[in-house]
Amino acid sequence: MSSAADTLTATPLGGPTLPQERRLVTSIPGPRSQELLDRKADAVAAGVGHTVPVQAVAAGGGVVVDADGNSLIDLGSGIAVTTIGNAHPKVVKAVQEQVAQFTHTCFMISPYDSYVTVAEALNRITPGDHAKKSALFNSGAEAVENAVKIARKYTGKQAVVAFDHGYHGRTNLTMALTAKAMPYKSGFGPFASEIYRAPLSYPYRDGLDGGLAAKRAISMIEKQVGADNLAAVIIEPIQGEGGFIVPADGFLPAIVEWCRANGVVFIADEIQTGFARTGRMFASEVFGIVPDLITTAKGIAGGLPLAAVTGRAEIMDASHSGGLGGTYGGNPIACAAAVAAIDVFENDGMVERAREIEEILKGRLQQLQSADPRIGDVRGHGAMIAAEFVDPATGEPDAALTAAVAKASIAQGVIVLTCGTYGNVIRFLPPLSITDDLLHEGLDVIAAALADN
Ligand SMILES: *Cc1c(COP(=O)(O)O)cnc(C)c1O
């Protein structure tokens, strides 16, 4: 069967010359990797952790190669960043050309074409056909901070509602928006004020349909915050770090409708879900919602640091000139990369490829689940799929099993990431450039790790 990935790996498009194979020539970590990890321990702050104990030296297609010559199957994409494939040739070319032209002027000093082109593209491809504008930043957290600034300025109100299990970043305001204390918040307070938390729809655990879950959240918001004080509601359409939680049908549309009726800005944080990841260009489309503002980052520029807020022109224009920006926001090299990456997302079959990957991942994981009741739930969309591990007797989260399976898989040369408030979710975020064979092999390794634990 020919698929978008075959095209990607058979041609220079997304086709790094790295052999697309799992290859272990040492144990993980090998001696060279260990040397770097020792230097890291001496030189880098302890708070900056790592999941996979290797020294990366090259990556592309569906593999990451380490300094000892091991080739690991990549099921994480550097946390949903290298969605089109690492070092994608179109991105490499765009970056090389731009870096030789100029590296920085500061867009707020002298503007350049690529920033405006990225803004035009985002205004075109994000959900809704209303007039839109965009502003560019460096990181996801910075985009979220700016979305909140914009919503407050537009509404003249201050309160912001985020949800249980939500993740929005590690800066002060975004720590306040993020739900999970350990490791993201513990000891780092005091946090920003006027942030309130509402209950989410988590069908596997709350058993509520979308309408009832929305009613519960709206009732809490009305009673404990009040629409008159509320500038914005921010939510990931499918939660990332919180456990790839897909809300029940009807939940998000009801929240959006309530926001519209009450003069509250609805912000979709699509930093993890954006850019073809969910088998749609944006996850909002999965639920048929049109956000007022949308934050993007991660997949946007093929691995370069870039982020954006895009939304209704009248909201985006609420800030006075000079109120938004930053020295590096919309750096020309990152913007050149984004122009190339968005071209790949739109024109090289990425949305279709994410749907093919969904079929493989869900098929294999559901098969595993039917034979192993420790897999309590398999969920997600596109190339953003999760398995939640539980104690079959009680339904309680099993974080120890999850960690053991992830660790054993990494030792066998497969990069897997965990997530979830209870640490009991393995998340699958493969690059869309991975081959079917490599994806199956990665799943074989995980299945064997599960059987052994
Ligand atoms: C990763 C992430 C962020 C933060 O992005 P950074 O670039 O790490 O600051 C915010 N929101 C969501 C949904 C994310 O997944």
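Counting convention: from 1, in listed order, for ligands and their atoms alike. Residues take their numbers from the sequence shown, with the count starting at 1.
The list of ring-ring contact (aromatic ring centres under 6.0 Å, His included) pairs with a residue in residues 170-199, not counting sequence neighbours, reads Tyr167-Tyr184. Residues in residues 306-344 take part in these ring-ring contact (aromatic ring centres under 6.0 Å, His included) pairs, two or more places apart or across chains: His104-Tyr328.
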Give a table of atom pairs where an N or O of ligand 1 lies under 3.5 Å from a protein N or O.
unit_1: ligand 1; atom_1: 7 (O); unit_2: Gly140; atom_2: N; d: 2.7
unit_1: ligand 1; atom_1: 9 (O); unit_2: Gly140; atom_2: N; d: 3.4
unit_1: ligand 1; atom_1: 9 (O); unit_2: Ala141; atom_2: N; d: 2.8
unit_1: ligand 1; atom_1: 11 (N); unit_2: Tyr167; atom_2: O; d: 3.4
unit_1: ligand 1; atom_1: 11 (N); unit_2: Asp269; atom_2: OD1; d: 3.4
unit_1: ligand 1; atom_1: 11 (N); unit_2: Asp269; atom_2: OD2; d: 2.7
unit_1: ligand 1; atom_1: 15 (O); unit_2: Gln272; atom_2: NE2; d: 2.9
unit_1: ligand 1; atom_1: 15 (O); unit_2: Lys298; atom_2: NZ; d: 2.7

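When the salt bridge (charged side-chain N to carboxylate O under 4.0 Å, His left out) test is applied to Asp317, the partners found at least two apart in sequence or on another chain are Lys133.
Classified by interplanar angle (parallel below 30°, tilted 30° to 60°, perpendicular above 60°), the ring pair Tyr112/Tyr115 is perpendicular.
In this structure, the side chain of Lys157 does not engage the main chain of Ala231 through any donor-acceptor pair within 3.5 Å. The main-chain N or O of Thr178 is found under 3.5 Å from a side-chain atom of Lys185 such that the two form a donor-acceptor pair.
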